[in-house]
There are 2 protein chains.
Amino acid sequence: MSLPASQRRSLLQEARCQTCSLSSLCLPLALELEDMGQFDAIIRRRAPLKKGEPLFRQGDRFTSVYTVRSGSLKQVTSEGNGNDQLTNFFLPSELVGLDGIDEEHYPGSVIALETTTICEIPFDRLDMLSEELPELRGQLYRSMSKELRDDRRMMRLLSRKTADQRLASFLLTLSERFRRRGYSPYSFRLSMARADIGNYLGLAVETVSRILSRFQQQKVMAVSGREVNILDMQRLIALAEEDAQTVSSR
Amino acid sequence: MSLPASQRRSLLQEARCQTCSLSSLCLPLALELEDMGQFDAIIRRRAPLKKGEPLFRQGDRFTSVYTVRSGSLKQVTSEGNGNDQLTNFFLPSELVGLDGIDEEHYPGSVIALETTTICEIPFDRLDMLSEELPELRGQLYRSMSKELRDDRRMMRLLSRKTADQRLASFLLTLSERFRRRGYSPYSFRLSMARADIGNYLGLAVETVSRILSRFQQQKVMAVSGREVNILDMQRLIALAEEDAQTVSSR
DNA sequence: CGACTGTTTGAACCGGGTCAAGTTTGGTGG
DNA sequence: CCACCAAACTTGACCCGGTTCAAACAGTCG
């Protein structure tokens, strides 16, 4: 199956970091133009994933890290017995698979929540290139360090926050991530199911649903299926940070 | 204040990786003897910390990562309002401070739980050295990756496990860490207070205390103050993994 | 257009938090 | 070495947020 040369070129073009709209957020963000060419040479394009398809499965041998080009994914770790744990959602420009380096196997499956395109970065090549390019190395350290910090925040959420605070925090985090990517922080579409949100936040589906209904009824946001519209950002921030009595007493 | 030459030498000796009993677990574990010398040259010895003293405080500028030589520490992140979150305990050979790389400030205070000695590794030197020594670089990536995996496990614990399962898991994790360091996995001393355990596991102090009492009464372990003696390891593993009805029905 | 999956809502229950009151431990100074 | 005090720990009683169970409803995709 072959394409006309022009289309083939445009596909390749699309896979080049220099022309990628995410380059200011993505791994090579710290690179000079000339270095970016080197980086470009090691990344591989992947066929788009359809909704529900895995990028890789738990236990697969670790070979590459990935960045999301478009779409979104979830990471799920299964513990043998029925209950899985959803440990992460990935949006465009975010790095996937860093937690597989250590044991040389991916510790969870990563599954597309919608049609999703991906850049594959073979880790051995990345490591070698990071030897030559201190900027790239630094960026890689920073990416992992940021993920560690985010994890700590998540632990705090899971161990200290009420269901309302969890939902509010989750929505604010999404909002902020959309904002940084140039989308509206007020109005966006949830690509994940309520069950996924519940699993991620340590809540029952029913609780997620109930609280979303309540937020809507309190005019903090409008929710219609997976479409979210934040109406009162300040209130949402208050809901995420403060304890119950502080919020209710206004 | 000066010491006889022989003692001075022995102090320096003590600070050398080649003679450190932890070298098989610590950051330079992958290095050849000759490379270890280079690594040795960049690490700095620190005066021992007394119980309650901070290694660094939340918000301090990130300069170094640290490894524990002896003793133990806790990492605490404060969110302005009263409630702090204890996000980690550190035992000998474990790397402290990796989550500060990204924002160039430490995201939490790290405080000694007992008299604790530390090796300081200035990060800029470590980064430069990691350029020359692929083994060291790999070990650094692996350390961070392992911490990511551990965090995911902690998230699962916090979002899915009951109080009993949390305590059991916590004790097993400690047990395993002691075992790997050459100490008894059955009998050890908790260097942290019940309140610290509760904070870390997302439980009230009272709950921690109650459950430890119950474990003891069920002859799973003997607890006397901070001394722990695991009597029935299999049972403890079952308590950590299985759901309540499975365990109670035996 | 039917079947299935995802979502919402209601009612009842319970695990673990909170509050309160001892009890033990460890550190300090006499 | 002991007495004292504050901090750490234990235990009990009660209560509440969030889970579970149940059932109806809404999308969505063959």
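The sequence lines fix the lettering, A, B, ..., with proteins before strands; numbering per chain opens at 1. Side-chain atoms are counted along with the backbone in the values below, which use heavy atoms only and exclude waters and symmetry mates.
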Given B:Val220, which of B:Arg235, B:Met233, B:Gln234 fulfils the side chain to side chain contact (heavy atoms under 4.5 Å, CB included) condition?
B:Arg235
How long is the line joining CG of A:Leu203 and C1' of D:dT20, in whole Å?
14 Å
Which comes earlier along DNA chain C counting from the 5' end, the contact point of B:Asp164 or that of B:Ser224, where each point is its nearest nucleotide?
B:Asp164
Is there a donor-acceptor contact under 3.5 Å linking the side chains of B:Ser78 and B:Asp84?
yes
For B:Ser21, what residues pass the side chain to side chain contact (heavy atoms under 4.5 Å, CB included) criterion, not counting sequence neighbours?
none
Charged N to carboxylate O below 4.0 Å: is that the case for B:Arg153 and B:Asp150?
yes
Expressed in angstrom and rounded to an integer, what is the separation of B:Arg166 atom CZ from C:dG16 atom C1'?
10 Å
Would you list the pairs meeting salt bridge (Lys or Arg N to Asp or Glu O under 4.0 Å) in which at least one residue belongs to residues 200-217 of chain A, sequence neighbours left out?
A:Asp164-A:Arg214
Look at all strands and tell whether B:Gly198 reaches a base, only sugar-phosphate, or nothing, counting heavy atoms closer than 4.0 Å.
nothing
Is B:Asp99 salt-bridged to A:Arg152, going by a charged N under 4.0 Å from an acidic O?
yes
Could you state the CG-P distance from B:Leu157 to C:dG16, rounded to the nearest angstrom?
12 Å
Polar atom pairs between nucleotides 6-8 of chain C and protein, under 3.5 Å, N or O only, would you list them?
from: C:dT7; atom 1: OP1; to: A:Arg226; atom 2: NE; distance (Å): 3.3
from: C:dT7; atom 1: OP2; to: A:Arg194; atom 2: N; distance (Å): 2.8
from: C:dT8; atom 1: OP1; to: A:Arg194; atom 2: NH2; distance (Å): 3.2
from: C:dT8; atom 1: OP2; to: A:Arg194; atom 2: NE; distance (Å): 2.9
from: C:dT8; atom 1: OP2; to: A:Ser209; atom 2: OG; distance (Å): 2.8
from: C:dT8; atom 1: O5'; to: A:Ser209; atom 2: OG; distance (Å): 3.0

salt_bridge(B:Asp232, B:Lys219) N-O dist < 4.0 Å:
no
Separation of C:dG10 atom P from A:Arg214 atom CZ, nearest Å, is 13 Å
Indicate yes or no: does B:Lys161 engage A:Glu79 in a salt bridge with an N to O separation below 4.0 Å.
no
Length of the CZ-P vector between B:Arg160 and C:dG15, whole Å:
17 Å
Close aromatic pair by centroid cut-off 6.0 Å: A:Tyr183 and A:Phe188:
no
Check the distance between C:dT9's P and A:Ile211's CD1 and give it to me in whole angstrom.
13 Å
Note the angle between the end axes of the helix from C:dC1-D:dG30 to C:dG30-D:dC1, five pairs defining each, rounded to 10 degrees.
50°
Roughly how many Å is it from CG in A:Leu201 to C1' in D:dG17, rounded to a whole number?
16 Å
To the nearest angstrom, the CD-P distance between B:Glu114 and C:dG27 comes to 12 Å
Quick one, give me the B/S/- string for nucleotides 23-30 of chain D, reading 5' to 3', where B means a protein heavy atom under 4.0 Å from the base and S means that only happens at the primed atoms, P, OP1 or OP2.
--------
Residues pairing under salt bridge (Lys or Arg N to Asp or Glu O under 4.0 Å) where one sits in residues 186-196 of chain B, two or more places apart or in two chains, turn out to be B:Lys74-B:Asp196, B:Arg189-B:Glu227
Pair B:Phe56 and B:Tyr66, ring centroids less than 6.0 Å apart
yes
